[in-house]
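This report refers to the structure that appears directly beneath it.
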Amino acid sequence: MHAYLRRLCAPSPVPIRLLSPFPRSSHRGYFSSVRLLEEMRADAPVKIKIAYRRIITSLPRLSLKSRTKASLLAEWDLEVARVRAWSARVDSSLLERWTAKKMCLPSVTAFAVEQEGAPKSTTARQESTPSKGAGVATALTTRLQGEVDHLHPSNSRQRLLQPSKRLFSTSHSNIIEGRKQALTERIAADAVVDLQQVMADLRDLELLEKLHKTTVKAAAGFKDASRCLYPLWHDVDQGKKSKVTFAELQEALPPIYSVPWTHIAERLTSGTNSKLSTLSEKDKAALLLLRVYNIGSSRSEAFVAAGARTLEDLEPLARRKKISLVRAHKIGLRHFDDIERLIPRSEMMAFDAALRGALRKADPLLECELLGSFRRQASFSSDVDLVVRHKSFVNKDDEEAAASLMRRIVEVLEGENLLDDENRLMFGPKKYAGLARLPGNKHYRRIDIRLAPYHSYPYLLLGCSGDALLMKLLRHAAKKRGLCLNEYGLGEKYTADDQNPNGFKPGTLRVVKDEREIFDLLGFPYLTPKERDYAVWRPRYERAGVDLSHVHKL
DNA sequence: CTCAGGCGTCG
DNA sequence: CGACGCCT
């Protein structure tokens with residue numbers, strides 16, 4: 001986002017820059033600033049909330065396809081003008097109130113307006129790694145002070161410097177430790193936790209971010225947190241576990257997930273979540289609809305606007321032509337529960353056998369594999385991810401070959417009653433998505449089938465099996481060698497945007513017969529899929545003298 | 001510096 | 001066909 005904004009702003013006639021990200025330790029101040037802003041709206045003639053929020057959140061999500069750079073810049077200018085207008089109207093009484101609450105200027109906390117050419121901003125931004133958060137804080141505090149001085153030269157200096165310093169000086173880990181301790185004191189280790197409720201909270205908080213289209217990152221935090229709890233959750237769902245204790249929860253979710261943790265803490269201590277419980281009926285409905293496959297933020301809002309409040313409302317509304325439900329929605333509604341459910345490994349093994357067996361029987365030249373966490377021996381999966389190759393499909397752009405191959409595959413699997421065309425979500429030449437069910441099983445499972453261009457197969461296996469950190473490491477390694485690694489291959493990146501088969505410079509694509517060769521090419525010890533787990537490969541690579549500095553930060 | 005890229009749907 | 005939304 002920031003790179004994008006910087007690029008966007010570089011030629012802009014308006015001298016303004018966005019100062020973010022903040023060190024994490026300032027999040028608390030940041031969020032209370034937001035709350036304060038809402039409060040202050042009544043007092044402030046200019047819509048502060050909108051001004052500040054639009055700048056931070058709306059620009060990166062504007063559709064680049066449909067807008068010219070000029071219109072984006074115009075919008076940007078407009079926001080800047082609003083902020084300026086607001087700054088000009090901050091009067092001393094407002095300032096009094098803020099300082100009384102030990103707050104620095106909220107909106108200036110969220111972003112700083114500065115003159116182009118002020119030398120410190122770039123260094124401040126580059127120092128924004130967690131360890132150097134203090135550098136940013138100092139730079140920011142200085143700038144804050146400058147801004148405040150500018151607005152109110154007479155009375156602001158001392159009052160504002162202090163609170164902002166305090167706001168930034170507490171280190172992140174201190175806050176986390178403090179919180180953790182406070183929580184441990186209040187909740188007994190063997191207290192029983194309503195995991196289902198916690199999972200639902202995390203899910204809804206994630207969806208809420210998605211609904212309001214704020215940053216992708218914020219939603220990802222909740223997602224990651226809930227991933228950490230999947231193993232526990234799955235055990236409960238499978239009936240292997242009847243209750244979960246607080247100690248187990250603490251074990252599963254590292255304290256680094258500070259935002260999710262604060263929400264969990266609230267739930268465990270007070271039994272509610274204030275952010276979720278205060279939502280309007282419409283927002284609650286929108287969150288529910290978001291869970292349906294193929295309903296995203298824009299349809300969700302539209303459906304709610306048309307009067308939908310529950311899942312059952314949708315079909316009647318569609319019949320009365322108030323909204324339009326497409327195939328995928330109907331399937332998503334019919335299998336709403338199944339789609340959210342995790343799949344036990346035993347069933348994944350059965351899928352593996354059934355899918356392979358069916359394909360091999362139909363054509364011995366078909367090679368296939370189940371990817372994702374299943375391949376890393378995980379004890380559960382969230383969907384069935386199948387990749388297939390056949391020598392009849394070699395070139396990525398040969399749609400004919402891909403389409404006929406895909407048709408054959410789907411026909412075979414439907415013949416075996418693993419798939420059925422009623423539950424087809426998506427069916428293109430290279431990608432199929434739908435629901436699969438093992439004969440005799442009551443649950444449908446989400447399945448994705450991908451066709452790999454013949455020579456990309458090993459790369460796809462590697463790229464789609466993870467784990468994420470390993471992929472990051474390997475890509476960095478490739479990059480250091482001036483190469484580019486992705487799920488299609490390893491080669492020299494081709495920058496000109498025409499006539500490049502797979503995005504690589506012709507002739508530089510390394511053809512490999514298996515994943516091991518890719519590790520060899522990059523000079524890393526080979527890892528079997530089940531070893532591609534950070535806890536396993538990390539120490540081993542360390543011993544082998546691999547440079548892991550890039551991976552150190554999450 | 002991190003999905004891009006593939007799909008369906010609608011106009 | 002292009003634009004858009006949604007998903008992985």
Side-chain angles (χ1 to χ4, degrees), chain A residues 1-8 10 21 60-68 125-126 128-129 206-207 210-211 213 215-217 219-220 223 227 289-303 318 321 323-332 339-340 370-373 381-387 396-399 402-403 406 410 421 423-435 446-453 456 459-460 463-466 468-469 471-476 478-480 484-489 493 495 497 500-503 550-551 553-554:
Chain A
M1 156 178 175
H2 305 295
Y4 167 63
L5 280 177
R6 237 174 287 143
R7 219 179 322 128
L8 188 69
R61 82 171 134 93
L62 296 175
S63 167
L64 293 180
K65 284 181 198 156
S66 59
R67 298 199 177 224
T68 63
R125 213 177 287 110
Q126 277 159 4
S128 67
T129 55
E206 179 199 340
L207 292 178
K210 193 171 150 195
L211 184 69
K213 294 184 186 165
T215 62
V216 189
K217 267 278 186 267
K223 181 98 204 153
R227 280 223 180 88
L289 298 189
L290 264 185
R291 290 162 62 190
V292 178
Y293 187 89
N294 207 26
I295 295 186
S297 52
S298 107
R299 282 190 188 114
S300 175
E301 268 169 18
F303 290 178
K321 305 278 179 208
I323 62 175
S324 82
L325 285 186
V326 299
R327 262 178 69 90
H329 294 144
K330 292 174 187 161
I331 299 172
I339 289 177
E340 289 188 345
L370 290 192
L371 265 38
S373 53
S381 304
S382 55
D383 61 3
V384 182
D385 196 355
L386 180 73
V387 60
K396 179 174 170 271
D397 298 319
D398 187 355
E399 304 236 317
M406 183 59 102
V410 171
D421 68 348
N423 287 321
R424 226 143 58 178
L425 293 165
M426 219 163 77
F427 186 16
K430 305 178 224 188
K431 210 179 199 171
Y432 173 98
L435 297 177
R446 275 279 295 110
I447 184 170
D448 288 310
I449 304 176
R450 259 179 301 179
L451 291 192
S456 296
Y459 290 103
L460 229 133
C464 299
S465 300
L469 286 178
M471 292 341 299
K472 211 168 172 176
L473 176 69
L474 295 185
R475 289 199 187 128
H476 267 291
K479 205 168 168 180
K480 253 191 289 185
C484 169
L485 171 70
N486 60 27
E487 68 254 59
Y488 292 118
K493 204 169 170 72
T495 37
D497 48 345
N500 51 332
N502 284 335
H550 282 295
V551 197
K553 44 181 171 116
L554 193 99

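Lettering of chains follows the sequences in order, A, B, ..., and the numbering in each one begins at 1.
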### Task
In whole angstrom, give the distance that lies between atom CG of Leu290(A) and atom P of dG5(C).
14 Å
### Message
I need the CG-C1' distance between Leu460(A) and dG5(B), as an integer number of Å.
### Response
12 Å
### Task
Would you classify Arg450(A) as touching base, sugar-phosphate or nothing, given that sugar-phosphate means primed atoms plus P, OP1 and OP2, and contacts are heavy atoms under 4.0 Å?
nothing
### Message
Going by the rule ring pair (Phe, Tyr, Trp, His ring centres under 6.0 Å), which residues pair with Phe427(A) if we only count those two or more places apart in sequence or in a different chain?
### Response
Tyr432(A)
### Query
Atom CG of Leu211(A) to atom C1' of dG5(C): distance rounded to whole Å?
15 Å
### Message
Please pick, from dC7(C), dG5(C), dC7(B), the nucleotide with the shortest atom-to-atom distance to any side-chain atom of Pro429(A).
### Response
dC7(B)
### Query
Of the nucleotides dC1(B), dC7(B), dT2(B), which one has an atom closest to the side chain of Lys430(A)?
dC7(B)
### With Ser465(A) via side chain to side chain donor-acceptor pair (under 3.5 Å) - residues at least two apart
Arg375(A)
### Task
Pick base, sugar-phosphate or nothing for Lys210(A), based on heavy-atom distances below 4.0 Å to the nucleic acid.
sugar-phosphate
### Query
When the distance from OH of Tyr432(A) to P of dC7(C) is rounded to whole Å, what number comes out?
17 Å
### Message
Work out how far the C1' atom of dT2(B) is from that of dT8(C), and round it to whole angstrom.
### Response
14 Å
Under 3.5 Å, N/O pairs linking protein and nucleotides 9-11 of chain B:
none

### Task
Measure the spacing between CG of Leu371(A) and OG of Ser381(A) and express it to the nearest 0.5 Å.
11.0 Å
### Message
Below the 4.0 Å mark, does dC7(B) have OP1 or OP2 next to a side-chain nitrogen or oxygen of Lys431(A)?
### Response
no
#### Entry: Between P of dC6(C) and CZ of Arg291(A), the distance in whole Å
17 Å
### Query
To the nearest angstrom, how far is Ile449(A) atom CD1 from dC7(B) atom P?
13 Å
#### Entry: Lys/Arg N to Asp/Glu carboxylate O, Asp448(A) vs Arg450(A), below 4.0 Å
no
### Summary
Hits for side chain to side chain donor-acceptor pair (under 3.5 Å) against Glu399(A), two or more places apart or cross-chain, chain-then-number order -> none
### Task
Name all residues meeting the side chain to side chain donor-acceptor pair (under 3.5 Å) criterion together with Asp383(A); count only those two or more places apart in sequence or in a different chain, and write none if there are none.
none
### Query
Roughly, in whole Å, what's the span from NZ in Lys479(A) to C1' in dT2(B)?
9 Å
### Query
Using atom C1' of each nucleotide, how far apart are dC6(C) and dC3(B) to the nearest Å?
14 Å
#### Entry: Results of ring pair (Phe, Tyr, Trp, His ring centres under 6.0 Å) for Tyr459(A) - residues two or more places apart only
none
### Summary
Asp448(A) atom CG is separated from dG8(B) atom P, nearest whole Å, by 13 Å
